[in-house]
**Student:** 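Provided herewith is a single structure, encoded as structure tokens, for subsequent inquiry.
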Amino acid sequence: MSNMNLSEQEQIRRTSVDELRKLGINPYPAAEYKTSVFARDILDNYSPEKNNFQEVCLAGRIMSRRIMGNASFAELMDSSGRIQIYLRRDDICPGEDKTMYNTVFKRLLDIGDIIGVKGHIFKTQMGETTVHVDEFTVLSKSIRPLPIVKEKDGILYDAVTDPEMRYRQRYVDLIVNPQVRDVFRKRTQIIQSMRELFNSKGYLEVETPILQPIPGGATARPFITHHNALDIPLYLRIANELYLKRLIVGGFEGVYEFAKDFRNEGMDRTHNPEFTVMEIYIAYKDYNWMMTFTEEIVKKAALDLHGKTEIIYGDKTINLKTPFKRISMLDSIKENTGIDISGMDEAELIKVCDNLKVEHDKTMGKGKLIDAIFSEKCEHSLIQPTFIIDYPTETSPLTKMHRSKSGLTERFELFINSKEIANAYSELNDPIDQIDRFQDQLKLSEKGDDEAMFIDMDFVRALEYGMPPTSGMGMGIDRLTMLLTNQSSIQDVLLFPQMKPVSSKFKVQSSKEEYMELGIPEEWIAPLQKLGFTTVSKLKEVEKAGKLANDLNGFNKKNKLGLSGLSPQAVEEWLK
RNA sequence: CGGCCCGUAGCUCAGCUGGCAGAGCACGUGACUCUUAAUCAUGGGGUCGAGGGUUCGAUUCCCUCCGGGCCGACCA
């Protein structure tokens, strides 16, 4: 009776599990299954002339079946790809007993099941490289039917594209959309590429706290949590910058971390509440050096992934060959608007914003106004990789003042396809200046800017001991991955993107006892609930006992429950 | 947060101005020893996202809610 909520196909598969057990076949065996080869190796290297791969063993998931009486073809998918397998009854069952083929393979196995096969490779008349199977082993029975995706000549039929299923049930997405697995392999390759480069230069990969008492290093709204034993609030980090700089104070030459950061802000195609940033800090360097290094990182990742610097993103071709264009923020604004805003005060900037129809409000200081103009008027034009350099002081509280331009800082951001990919500075190491800048942030916060930075006095103390001149850079790994794998949504480069939880259907359901108090036989309770009478009060609203009796008898027959029929009179008794 | 669109069988999707819920694949049964979106025959499968309203009658019309997508606002 518990099977009543399952679909027909699920019930059949559960029955198959039982039947396998009755035949002495464990549908979920414990033993190691030693394979000798992957599908890809065979497809790439088999040749009938060499007559190689004459004794192979591989394992994977059955993805399709074509049964033709005493012989069958199926497709087996392992981690490397799909290969066709061929099973003939009399090869599988050389003796009198044909159970393994007729019953186990043809009837009890399904698409989605995981099996191991032993056999040899041949080419079919159609020319397809195929495993001729002599022996197969059930490794895991699937009791939930998989979406069926068919393919011919590269065209997919009934492909699973529903984002709801793809992101919530990523495992299904990965099974039926092999190109998705490829995206995530590439994501890892990108990280490996960067790690290789950093390690080759002797920089140290480190781990810093995710739970922070002061969420510093960036301007963003944090997630807050609570530590019970200490009885203090803790924040999930919005950045790891201040910790990495403490390590430079401590004497490391270069440190880096691939860090998950968390920001309690909106979600859309380019924002997930948790995301990955690579931050690196290197002593005795400045932001000019870091620009060249950043170019090298991006170029190397593209080469390691694609073997060339030219990449396709949507309908755009982007070339990551070095050097990238470098232009100051003010020059970029001049280039795009024709207005030279250098040296303007707040009132003048507000006037420029009004003229350019750039939205602004009272909480915005000089820096934010310039930033608004830039975002509105310049970012869209930055398709090819471009360093925007020398940012206003107000929006860069951790950055060293520019060595020659007043009111500006030594900071750059790398834009590719209008998106910020990296952000870097000549790090501020003057502790007195740092405390002043924090104080300025406090004033912004009093002005109503809810993103102004928290003050971290321990970080200031670290600087007071002396930090070497240092350049630091942060790079958004998710966005870089989107760019290099041609994905338009951040959800497509995160294995498990954040989704709204599906509200568990809050079902009010009466207890068995409540039904039985009305004189309803126990065996009829489940059918009643299935018909929608989930509470006894719903039952009270029934006006025609005859109809209900009819429905119940019909349900009994339809589901082959084998219950003895109900008379309208008996049902009428319940309803009294 | 605002605008538009979507939610129907395990999957992909039809379903007109309201009238007995459909197709293909998948699944069951039967046939078939080199097929490949295998084929042929046949059969079963549904809380039409949830709740309410209008109606003799709602998958269809109206309202509310839930989930998703796209576009804006905000942010990396």
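These values consider heavy atoms only, across backbone and side chains, with no hydrogens, waters or symmetry-generated copies. Because the structure is predicted, anything quoted here is derived from the model rather than measured. Convention: sequence-line order gives letters A, B, ...; per-chain numbering from 1.
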**Student:** Looking at B/G69, does its base get a donor-acceptor pair with the side chain of A/Asp162 below 3.5 Å?
**Tutor:**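 Side chain to base: no pair below 3.5 Å.
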**Student:** I want to check one thing: is the phosphate of B/A37, taken as OP1 and OP2, less than 4.0 Å away from some side-chain N or O of A/Lys150?
**Tutor:**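 Looking at the OP1 and OP2 atoms of B/A37, neither is under 4.0 Å from any side-chain N or O of A/Lys150.
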**Student:** Just to be sure I understand the rule, does A/Arg166 reach a base, reach only the sugar-phosphate, or reach nothing, if contact means heavy atoms closer than 4.0 Å?
**Tutor:**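 Contact class for A/Arg166: none.
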**Student:** Under 4.0 Å: is that the gap between some side-chain N or O of A/Arg66 and OP1 or OP2 of B/A38?
**Tutor:**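 A/Arg66 to B/A38 OP1/OP2: side-chain N or O found under 4.0 Å.
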**Student:** For RNA chain B, write out the stems as range with range, using runs of 3 or more consecutive Watson-Crick or G-U pairs with both distances under 3.5 Å.
**Tutor:**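 The stems are B:1-7 with B:66-72, B:10-13 with B:22-25, B:27-31 with B:39-43, B:49-53 with B:61-65.
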**Student:** Side chains of A/Ser396 and A/Arg411: donor-acceptor distance under 3.5 Å anywhere?
**Tutor:**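 Distance-only check passes for A/Ser396 and A/Arg411.
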**Student:** Confirm from the modelled atom types if A/Glu164 and B/G67 form a donor-acceptor pair under 3.5 Å, side chain to base only.
**Tutor:**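 Counting by modelled atom types and ignoring angles, no donor-acceptor contact under 3.5 Å is found here.
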**Student:** Sticking with atom P, work out how far B/A9 lies from B/U47, rounded to a whole angstrom.
**Tutor:**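 It works out to 8 Å between them.
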**Student:** From C-beta outward on A/Gln84, which listed nucleotide comes closest to its side chain: B/U36, B/C75, B/C27?
**Tutor:**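 Side chain of A/Gln84 sits closest to B/U36.
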**Student:** Closer than 4.0 Å, any side-chain N/O of A/Arg82 to the OP1 or OP2 of B/U36?
**Tutor:**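 Answer no for this pair, as no side-chain N or O of A/Arg82 is under 4.0 Å from OP1 or OP2.
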**Student:** Round to a whole Å and report the spacing from CD of A/Glu265 to C1' of B/A76.
**Tutor:**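 The distance from CD of A/Glu265 to C1' of B/A76 comes to 8 Å, rounded to the nearest Å.
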**Student:** Quick one: on RNA chain B, does A/Gly69 or A/Arg263 contact a more 5' nucleotide (nearest heavy atom)?
**Tutor:**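 With A/Gly69 and A/Arg263 compared, the 5'-side residue is A/Gly69.
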**Student:** Among B/C34, B/A76, B/U36, which nucleotide sits nearest the side chain of A/Met68?
**Tutor:**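 It is B/C34.
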**Student:** Output yes when at least one side-chain N/O atom of A/Lys123 is less than 4.0 Å from OP1 or OP2 of B/C34, else no.
**Tutor:**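 No, outside the criterion.
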**Student:** Of the nucleotides B/C34, B/A76, B/C11, which has the atom closest to the A/Pro147 side chain?
**Tutor:**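 Taking heavy atoms from C-beta onward, the closest nucleotide is B/C11.
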**Student:** Please measure how far the C1' atom in B/C61 lies from the corresponding atom in B/C48, and state the result in whole Å.
**Tutor:**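 Going atom to atom, C1' in each nucleotide, I get 16 Å.
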**Student:** Does A/Thr219 have a side-chain nitrogen or oxygen under 4.0 Å from the phosphate oxygens OP1 or OP2 of B/A76?
**Tutor:**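 The answer is yes; a side-chain N or O of A/Thr219 sits under 4.0 Å from OP1 or OP2.
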**Student:** Work out how far the C1' atom of B/U55 is from that of B/U17, and round it to whole angstrom.
**Tutor:**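 Looking at atom C1' only, B/U55 and B/U17 are 16 Å apart.
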**Student:** Just how far, in rounded Å, is C1' of B/G45 from CD of A/Gln11?
**Tutor:**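 Atom CD in A/Gln11 sits about 10 Å away from atom C1' in B/G45.
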**Student:** Taking the C1' atom in each of B/A14 and B/G53, what is the distance between them to the nearest angstrom?
**Tutor:**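 Going atom to atom, C1' in each nucleotide, I get 28 Å.
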**Student:** Donor-acceptor check, side chain of A/Thr276 to backbone of A/Asp478, threshold 3.5 angstrom: yes or no?
**Tutor:**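 Side chain of A/Thr276 to backbone of A/Asp478: no pair is present.
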**Student:** Considering the options A/Arg82, A/Arg61, A/Arg65, which one meets the salt bridge (charged side-chain N to carboxylate O under 4.0 Å, His left out) requirement together with A/Glu75?
**Tutor:**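 With A/Glu75 as partner, salt bridge (charged side-chain N to carboxylate O under 4.0 Å, His left out) holds for just one option, A/Arg82.
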**Student:** Spell out yes or no: do the side chain of A/Gln125 and the base of B/U35 have one donor N/O and one acceptor N/O closer than 3.5 Å?
**Tutor:**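 In this structure, the two groups form no donor-acceptor pair.
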**Student:** Hey, do the aromatic rings of A/Tyr391 and A/Tyr287 have their centres closer than 6.0 Å?
**Tutor:**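 Ring centroids of A/Tyr391 and A/Tyr287 are no less than 6.0 Å from each other.
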**Student:** Closest-nucleotide mapping onto RNA chain B: is A/Arg107 or A/Glu8 further toward the 5' terminus? I mean the 5' end.
**Tutor:**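 Between the two, 5'-proximity favours A/Arg107.
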**Student:** Check each of A/Gln9, A/Arg14, A/Glu8 against A/Ile12 using the side chain to side chain contact (heavy atoms under 4.5 Å, CB included) test, and report the only one that passes.
**Tutor:**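 Filter result, single survivor: A/Glu8.
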**Student:** I'd like to know if A/Glu151 reaches the base of B/A37 with its side chain such that a donor and an acceptor end up less than 3.5 angstrom apart.
**Tutor:**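 In this structure, the two groups form no donor-acceptor pair.
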**Student:** Taking B/G46 as the reference, what is the distance to B/A26 when you measure between their C1' atoms (whole Å, please)?
**Tutor:**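 It works out to 16 Å between them.
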**Student:** A/Asp268 has an atom CG; how far is it from atom C1' of B/G2, in whole Å?
**Tutor:**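 Rounding to the nearest Å, CG of A/Asp268 and C1' of B/G2 are 15 Å apart.
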**Student:** Between B/A38 and A/Phe73, is there a base-stacking contact, meaning the centre of the base's six-membered ring lies under 5.5 Å from the residue's ring centre while the planes stay under 30° apart?
**Tutor:**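 Stack criterion not met.
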**Student:** Report, as yes or no, whether the 6.0 Å neighbourhood of atom CZ on A/Arg144 holds more than 12 heavy atoms from other residues, nucleotides or ligands.
**Tutor:**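 No, not enclosed.
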**Student:** Could you tell me whether A/Arg168 contacts a base, only the sugar-phosphate backbone, or nothing, with contacts defined as non-hydrogen atoms closer than 4.0 Å?
**Tutor:**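 Sugar-phosphate: the residue A/Arg168, judged by heavy atoms under 4.0 Å, touches backbone atoms but no base.
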